[in-house]
Amino acid sequence: MQEVVLLDTASLFVHARQALPAGVLRDANGDRVETLFTALQTTLRVCEQHDCVIAVADHTGHEPQADTVLKLLPLLGIQVTYTPDGTLAALAQLRQDLHRKGHRVVLISQDPRTPCLLDAQTDLVWAGERLTQERFMTRSGVLPTQWLDLLILERHAGVSTGQATQLLLEHVTLGALLATQTFSLSASELLQRRAALTFRRTAQLYPDVKPGAAPPRNLRALAARLRDLNLHALAARVAGHHDDAAHIAPAAIRNRWTCPVIAWQAREASSPQLVISHGGVAQFLPATQVPAFLARYGLSGPQASVLGARFGPAWVQDDPLVMAATLGSPHKVMAPLCAEVLGKPYGGPLLDRARLAEELLATLNRQLLGDTRRAYEQIERPFTRILAGMEARGLRMDLAHLEASIQVAQRDATEDALLDIERYLRPVLRHAARFGGRARPTWDPLGTRTGHAVARRPAVQTWPGKRLHGQEVRRALIPEDGHCFAVLDYDQLELRVLAFLAGEQALLHAFEGGEDIHARSASLLFGVSPGSVTVAQRQVGKTVNYGMVYGMGAAGLARQTGVPIDTAGRFLDAFHLAHPALRVYASNRRQEAVACGYAVDAFGRRRQLPSLTDSHALARRAAFRAAAHSPVAMTAASLLKLAMLSAEQALCALGARFVLINRDEVVIEAPEAVIGEAVMVMRRAMLKPSPLALPLQVHVGIGTSWLDAAPSSLPRTAAPTLPEDDPS
């Protein structure tokens, strides 16, 4: 029995029009294509799951986007039939005709009346779920033939769903019920409304529809048409530009990935258990050979802990998780990544995990193209070497200072003091004491979706710099004897990146002129001269500035600043009027993200945004904000990474090293005699880290602890509370 899908295009277009904001996608001529994009995306999913699809459409009254979709459906091998009496009437007749010919029918429709067509040979895909007749009856409590009666009772008789279900169970039909009970509307009015829901079954459909007589697929022509419509992600999907490395024979992987892959497993013994996979063949390395093997590639301890290490100079490692993150994947562990990329479960013996790691590297490596490959090979992969070095060295902590700070806070005995003890001072003291006076954070290159590395266990970057007692944990972080710390912090990096990417000349000139950008914005908002801006007004300006990066609206600004929401709206309108390029930039980034499914930074790193077409409005709005701010945040993260990579060798020659990074801030440690030279090397690298002609500024501080080295030239108004990077 062949299964035939009947697609209700009327409800398809209604859903598609509601899925994305109007005008968010446009073709080269400026015509809207967001409805077309969503409708074709849904139809592609249907075609991937079913072989025989028939689309039913109204004969007249199509908007341009819907008309284009109907013209493109035959290129997918879908038969399209038009009806003068409504799509639901046509679905009812087609269902009966197909049943007589021995076919099982699957209806795809969001029309609220469609469940009445369910029967033993008809299923319904409704609200994303496939319902059989039995499942529908279990869910609703009524027969399909009673569904329209239930709708009338709910909508027009003022009866709850539970009451309506019980009444229909007792009386079977609406007519029988109305003969015994009265409602707010008369029986005749309710029956008239029931008759209005009944669809007429057309006597003639044209052209004749026959399962198995579908037009031949022409995916090449469809892909070309989609590219003309500026829908490149859909075009690539239609053309089949998917990676097939996951389906090749294991022996052929050698042709895709020429280097050996190591998988390791910690043991109680001093050496880990190692498996080498090469060309799809995995084997254990004898324990006696492990130390010599690691030394041969310059690997030891934490440096050998990355799954999927590609052996090369200075143990630069290829990690499938870092590779996938550069491609925009949200996965931070191997199991979901394997399931998504290879369609295979990850786990089991170490031999199997090594083979899967090699297969993942082979697959993902083929997907790295152009700027994305350069971002991985020149930024993300070598940066893991810096993180591994920081992790291996750890952080020297002054245990005596931590103990003294706890005693001082205990004497203070305020709520904040006790909170600082339990949240910061005592946990850090216990951790450092366990590791011989050093903090041993794990540096996660996948910490945020925007590429910022995150320290975990302990979370060094969350140590406070301003709390009365909590800040002492930063003062307890000290350099080695005879060394100093230098802290170098970008000034308003993300704002500068936003101004550069958007081409907002007013902001660029202000940065180049060394203006206080927050005071400048406050003067625009409050209509005063920059010199007359108060501290409170500057804070509002600062919140608006950073709110532009994260897509903050009037409600968010009002919440952050305490001003009325209409005043916040006027502030934002005034800011956009003075900086029109920012709004254009955000709109363009959103359109590009919807078209290709991801945001991309200035260097090629991606962030996948599947929620752009989510059915939930909140998730969709969050994804649209991420589409605008992710390129800014990712570019800022890449700039700091490039600066650190550029300065690494020169700092090493001076005996200096990286200690930690904290968003746009880097802490270096160097001998006291060369600390000034080390600062010059790092500052020069930060000011010119890439070909991007950015007007950058770096603040510098030098001291004998992290807190004491904090740059003192930074303005010290409180930072606004903004959406954090999604850690998932």
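On a predicted model such as this, the values are computed, not experimentally measured, just so you know.
Between the T384 side chain and the R381 main chain, a donor and an acceptor come within less than 3.5 Å of each other. Within the 3.5 Å criterion, the main-chain N or O of P74 finds no donor-acceptor partner in the side chain of Q79. Remark: side-chain polar atoms of R449 are paired, donor with acceptor, to backbone N or O of Q608 under 3.5 angstrom. Not a single donor-acceptor pair under 3.5 Å links the side chain of T87 to the backbone N or O of T83. In this structure, D149 contributes its side chain and L174 its backbone to a donor-acceptor pair below 3.5 Å. Put simply, the side chain of R373 gets close to the backbone of L368: a donor and an acceptor are under 3.5 Å apart. Side chain of E377 to main chain of R374: no donor-acceptor pair is present (N/O by atom type, distance under 3.5 Å, no hydrogens or angles). A donor-acceptor pair is defined here as one N or O able to donate and one able to accept, closer than 3.5 Å; such a pair exists between the side chain of Q65 and the backbone of T35. Remark: side-chain polar atoms of T9 are not paired, donor with acceptor, to backbone N or O of L12 under 3.5 angstrom. With hydrogens and angles disregarded, no donor-acceptor distance shorter than 3.5 Å links the side chain of K344 to the backbone of L356.
When side chains are defined from C-beta on, L98 counts as touching L6, because their heavy atoms get closer than 4.5 Å. Residues L342 and E359 have side chains in contact (heavy-atom distance under 4.5 Å, counting atoms from C-beta outward). V56 is not listed as a side-chain neighbour of D8, based on a closest heavy-atom distance of 4.5 Å or more. For the pair R217 and L75, the minimum side-chain heavy-atom distance is 4.5 Å or more. L124 places none of its side-chain heavy atoms less than 4.5 Å from the side chain of F136. Between L226 and L40 there is a side-chain heavy-atom pair separated by less than 4.5 Å. Under the 4.5 Å side-chain criterion, counting only non-hydrogen atoms from C-beta, L219 is in contact with L76. Using a 4.5 Å heavy-atom cutoff, the side chains of R155 and R193 are not in contact.
Look at D371 and R605 and you find no salt bridge, because none of the NZ, NE, NH1 or NH2 atoms lies under 4.0 Å from a carboxylate O. Ion pairing of R139 with E134 is absent here, as no side-chain N (NZ or NE/NH1/NH2) approaches a carboxylate O to less than 4.0 Å. Residues K101 and D97 are not paired through a salt bridge, judged by the lack of any N-O separation under 4.0 Å between the basic side chain and the carboxylate.
Between D601 and S638, the side chains place a donor N or O and an acceptor N or O closer than 3.5 Å (distance only, hydrogens not considered). Side-chain atoms of H103 and E3 include no donor-acceptor pair closer than 3.5 Å. If you check the side chains of H99 and T122, you find a donor sitting under 3.5 Å from an acceptor. Inspection of the E380 and T326 side chains reveals no N or O donor paired with an N or O acceptor under 3.5 Å.
Between the SG atom in C596 and the CZ atom in R606 there is a gap of 7.5 Å [rounded to 0.5 Å]. Atoms CG and CG, on D111 and L91 in that order, are 8.5 Å from each other to the nearest 0.5 Å. Of the inter-residue distances, the one linking R589 atom CZ with S630 atom OG reads 12.0 Å to the nearest 0.5 angstrom. For the atom pair S329 OG and E340 CD, the distance stands at 5.0 Å (nearest 0.5 Å). If you take CD1 on I108 and CD on Q49, they are separated by 8.0 Å, rounding to the nearest 0.5 Å. One finds the CG atom of L498 at 10.5 Å from the OG1 atom of T635 (value rounded to the nearest 0.5 Å).
Annotation for P112 and P115: closest pair O-CD, 3.5 Å, computed over non-hydrogen atoms. Here the closest heavy-atom approach between residue A325 and residue L446 is recorded as CB-CD2, 3.5 Å. For the residue pair A16 and A39, the shortest heavy atom distance occurs at CB-N, 3.8 Å. Taking each heavy atom of L582 and A502 in turn, the nearest pair found is CD2-CB, 3.7 Å. In plain terms, the two heavy atoms of M137 and L143 that are nearest each other are CE-CD2, 3.3 Å. Between A623 and L609, the shortest heavy-atom distance links the atoms O-CD1, 4.1 Å.
No more than 12 heavy-atom neighbours from other residues, nucleotides or ligands sit within 6.0 angstrom of NE2 on H15. Residue-environment remark: CZ (R130) exceeds the threshold of 12 foreign heavy atoms within 6.0 Å.
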| request: For the pair K332 and L321, evaluate side-chain contact (heavy atoms from CB on, under 4.5 Å) and give the outcome as yes or no after the intermediate values. | output: CA-CA 6 Å; K332 297 183 179 182; L321 291 170; 5.9 Å; no

| task | Test R17 against E34 for salt bridge (charged side-chain N to carboxylate O under 4.0 Å, His left out), laying out the working first. | result | CA-CA 8 Å; R17 280 192 290 270; E34 68 280 350; over 6 Å; no

| said: Walk me through whether C52 and V5 qualify under side-chain contact (heavy atoms from CB on, under 4.5 Å). | reply: CA-CA 6 Å; C52 183; V5 173; over 6 Å; no

| said: Using the rule given for side-chain contact (heavy atoms from CB on, under 4.5 Å), can you reason through R225 versus L72, listing the C-alpha separation, both sets of side-chain angles and the distance that settles it, and then say yes or no? | reply: CA-CA 8 Å; R225 184 73 183 94; L72 293 177; 3.4 Å; yes

| task | Decide yes or no on side-chain contact (heavy atoms from CB on, under 4.5 Å) for W147 and L118, but give the supporting numbers first. | result | CA-CA 10 Å; W147 178 248; L118 279 168; over 6 Å; no

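A side-chain contact (heavy atoms from CB on, under 4.5 Å) with L73 is found for one member of I78, I54, V53, L222 and no other, namely I78.
Geometric assessment of R607 against the ring of Y598 yields a negative cation-pi assignment under the 6.0 Å and 45° thresholds.
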